Amino acid sequence: TSVAMLFHTSLMGAVVFGAMLPFGLGGPMPTLPDWGVMLALGVLATGGHFLVTAAAREAPASLLAPVTYLHLVWAGLLGWIVFGQLPDGVSLTGMTLVVGAGVAIALGARRDGQLRRSPTIS
């Protein structure tokens, strides 16, 4: 289920990052606003992961893959807004190829009738 997938991902993150904790001690203590931002990020990331796993349960990967390519759009926009840096020509060409290939696969699967409801993950 979505909850089990989310739990196991979170568990692995806690184990791996917990093992790295002793190497990161010694820095400044987070302030109250820092804790608030970390809490908000945790809640938003948990919600996002839950929605992704729920979508994977409800639709085939060939339909969902092009949607995940929106990460490229958001990364480009945030890079421009936050850092004032736009992707160069080579990066834009690569992004276009990746997105185009994903869309072509999804359209081909739809045309061939392969987009059926995926079986429920138990």
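A quick note: this is a predicted structure, and the numbers were derived from the prediction, not measured.
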Is Val15 linked to Met20 within one hydrophobic cluster, defined over Ile, Leu, Val, Met, Phe, Trp and Tyr using a side-chain heavy-atom separation of less than 4.5 Å? no
Honestly curious: do Met95 and Val90 fall in one hydrophobic cluster under the side-chain, below-4.5 Å linking rule? no
Between OG1 on residue Thr53 and NE2 on residue His8, distance to nearest 0.5 Å: 13.0 Å
Grouping I, L, V, M, F, W and Y whenever their side-chain heavy atoms are under 4.5 Å apart, do Met29 and Leu21 come out in a common cluster? no
Pro87 to Ser91 - nearest heavy-atom pair and separation: CB-CB, 3.9 Å
Value rounded to 0.5 Å, distance of CG in Leu77 from CG in Leu72: 11.0 Å
CG of Leu51 to OG1 of Thr46, rounded to nearest 0.5 Å, is 11.0 Å
Path from Leu44 to Trp35 over hydrophobic side-chain contacts below 4.5 Å: no
Going hydrophobic residue to hydrophobic residue with side-chain gaps under 4.5 angstrom, can you get from Trp80 over to Trp74? yes
